[in-house]
Amino acid sequence: MRVKRAKVYRKLMQFYQQTFEFREPYQILVSPDFILEAVSKNIDLSKALEEVVGGKVRVLITYCSICDIRKDSPQREKAIATSKGFEKRRCPHKTPIKGIDCMKEIMGDSNKHNYCVAVQDQQMRSKLRQIKGVPILHVSHSVVVLEPIPRHVRDAGKDRLGDKAGLTELERKMLKTVKEEARQARGSLRPKRKIKKAKGPNPLAVKKAKNAKSSSKSAPGTKRPRTEANANTKSKKPKK
């Protein structure tokens with residue numbers, strides 16, 4: 001499994017642990033169509049399920065689902081052999097019914113047993129999404145995947161966590177308002193970033209300009225100004 005996908009699944013299961021009190025070993029109720037699809041893709045179910053939920057699992061199957069698998073299908077023998085390694089989940093049906101219908105009755109409207117459900121049937125998955133706190137798995141492109149958490153389940157999870165903390169609805173709204181005001185206050189108190197202006201060159205690092213050469217070395221054709229020192233030297237004559 002890819003690292004990024006494993007990280008996403010770990011966060012999803014942490015949500016179910018914190019909000020709906022799921023614990024290891026996770027109980028995964030599997031449907032006959034899920035087993036047949038996994039067998040046709042040569043998936044090692046026990047290993048794949050443990051990788052997806054990130055922990056130990058108990059794979060459960062009902063008697064009605066086993067009877068569905070035993071019906072004629074291309075993967076019948078292999079599916080029967082795979083299902084023998086799963087735990088049998090009791091169901092109230094003396095006469096077997098369709099495996100999907102049997103699972104619907106077991107799940108009910110609340111998932112009080114904290115089951116994860118592995119199923120391919122689209123209608124069954126749509127029904128399970130309406131129940132709060134049901135991790136749903138299915139096979140997609142030869143890989144077992146865990147569905148994202150629906151928005152209404154996330155909202156219900158936040159309310160449930162608030163109830164655990166002993167907060168009323170009004171208190172939760174007040175807390176949210178206070179947090180928002182504190183966030184805005186932190187933003188207003190944040191010091192403004194100073195704009196750096198372009199600085200002039202460092203005077204100590206600037207190379208000084210060379211002094212102009214003396215007038216004696218000035219351009220030819222120019223006369224030196226007569227000075228007192230020059231006049232004295234000319235007045236003195238050498239002794240004979």
Side-chain angles (χ1 to χ4, degrees), residues 1-62 65-66 69 78-79 81-91 99-100 102-104 106-121 124-125 127-165:
M1 183 187 296
R2 294 179 180 177
V3 176
K4 186 176 181 180
R5 182 179 293 176
K7 187 177 180 179
V8 172
Y9 291 166
R10 184 166 60 251
K11 287 184 177 180
L12 294 179
M13 293 309 299
Q14 285 175 353
F15 173 83
Y16 289 114
Q17 288 174 357
Q18 296 171 0
T19 309
F20 299 100
E21 299 180 354
F22 277 67
R23 294 290 180 268
E24 289 188 47
Y26 300 110
Q27 302 180 101
I28 303 180
L29 189 64
V30 294
S31 68
D33 59 349
F34 175 81
I35 295 174
L36 291 169
E37 182 68 17
V39 167
S40 67
K41 304 296 184 183
N42 295 319
I43 297 174
D44 185 347
L45 273 181
S46 297
K47 182 180 178 181
L49 292 172
E50 286 184 352
E51 287 181 351
V52 171
V53 299
K56 296 180 180 180
V57 298
R58 291 176 57 201
V59 186
L60 309 176
I61 186 170
T62 66
S65 296
I66 293 174
I69 292 173
K78 197 172 180 180
T82 301
S83 64
K84 285 181 179 179
F86 302 154
E87 294 185 32
K88 306 303 182 289
R89 204 295 187 182
R90 284 187 182 180
C91 64
I100 293 294
C102 178
M103 291 175 66
K104 287 179 181 178
I106 290 174
M107 292 301 298
D109 297 326
S110 61
N111 192 22
K112 61 182 179 180
H113 299 292
N114 283 353
Y115 287 145
C116 305
V117 181
V119 60
Q120 295 296 115
D121 187 77
M124 179 66 174
R125 277 154 56 187
K127 182 180 184 304
L128 292 172
R129 292 187 193 107
Q130 304 306 315
I131 303 174
K132 298 174 182 177
V134 182
I136 305 170
L137 304 95
H138 66 275
V139 176
S140 177
H141 299 95
S142 301
V143 178
V144 178
V145 297
L146 177 62
E147 290 192 2
I149 301 170
R151 182 178 295 275
H152 71 278
V153 176
R154 282 193 179 277
D155 294 340
K158 291 178 182 178
D159 294 339
R160 186 168 177 145
L161 288 175
D163 294 339
K164 287 182 180 180

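The model shown is predicted, which means the values in this text are computed figures rather than measured ones. For the single chain, residues carry numbers from 1 onward in sequence order.
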Looking at residues at least two apart in the chain, or sitting in another chain, which of them share a side chain to side chain donor-acceptor pair (under 3.5 Å) with E37?
none

Can you pull the side chain to side chain donor-acceptor pair (under 3.5 Å) pairs that have at least one residue in residues 110-121, sequence neighbours excluded?
R89-Y115

Applying side chain to side chain donor-acceptor pair (under 3.5 Å) to N42 and not counting sequence neighbours gives K78

Rounded to the nearest 0.5 Å, what separation is found between the OG1 atom of T62 and the CZ atom of R90?
13.5 Å

Taking atom CD1 of I35 and atom OG of S65, what is their separation to the nearest 0.5 Å?
7.0 Å

From OG (S31) to CG (L137), nearest 0.5 Å
10.5 Å

Which residues pass the side-chain contact (heavy atoms from CB on, under 4.5 Å) test with K104, not counting sequence neighbours?
I100, D101, M124, K127

Out of curiosity, L45 CG to T82 OG1, how far, rounded to the nearest 0.5 Å?
6.5 Å

Just jot down the salt bridge (charged side-chain N to carboxylate O under 4.0 Å, His left out) partners of R10, sequence neighbours excluded, or say none.
none

Taking F86's backbone N and O only, do any of them form a donor-acceptor pair with K88's side chain (distance below 3.5 Å, no angle check)?
yes

Enumerate the ring-ring contact (aromatic ring centres under 6.0 Å, His included) contacts for residues 21-48, please, sequence neighbours excluded, ordered by first and then second residue.
Y16-F22

Distance-only donor-acceptor hits, side chain of residues 141-152, under 3.5 Å, sequence neighbours excluded:
unit_1 : atom_1 : unit_2 : atom_2 : d
E147   : OE1    : R129   : NE     : 3.0
E147   : OE1    : R129   : NH2    : 3.4
E147   : OE2    : R125   : NE     : 3.1
E147   : OE2    : R129   : NH2    : 3.1
H152   : NE2    : R129   : O      : 3.0

Within this structure, what is the NZ-CG distance for the pair K7 and L12, rounded to the nearest 0.5 Å?
13.0 Å

Where is the tightest heavy-atom contact between I131 and G108, given as atom of each residue plus distance?
CD1-O, 3.3 Å

Atom NZ in K132, atom CZ in F20: separation rounded to 0.5 Å?
7.5 Å

Write down the atom of L29, the atom of I106, and the distance for their closest heavy-atom approach.
CD2-CG2, 4.3 Å

Counterpart residues, side chain to side chain donor-acceptor pair (under 3.5 Å), relative to R154 (two or more places apart)
none

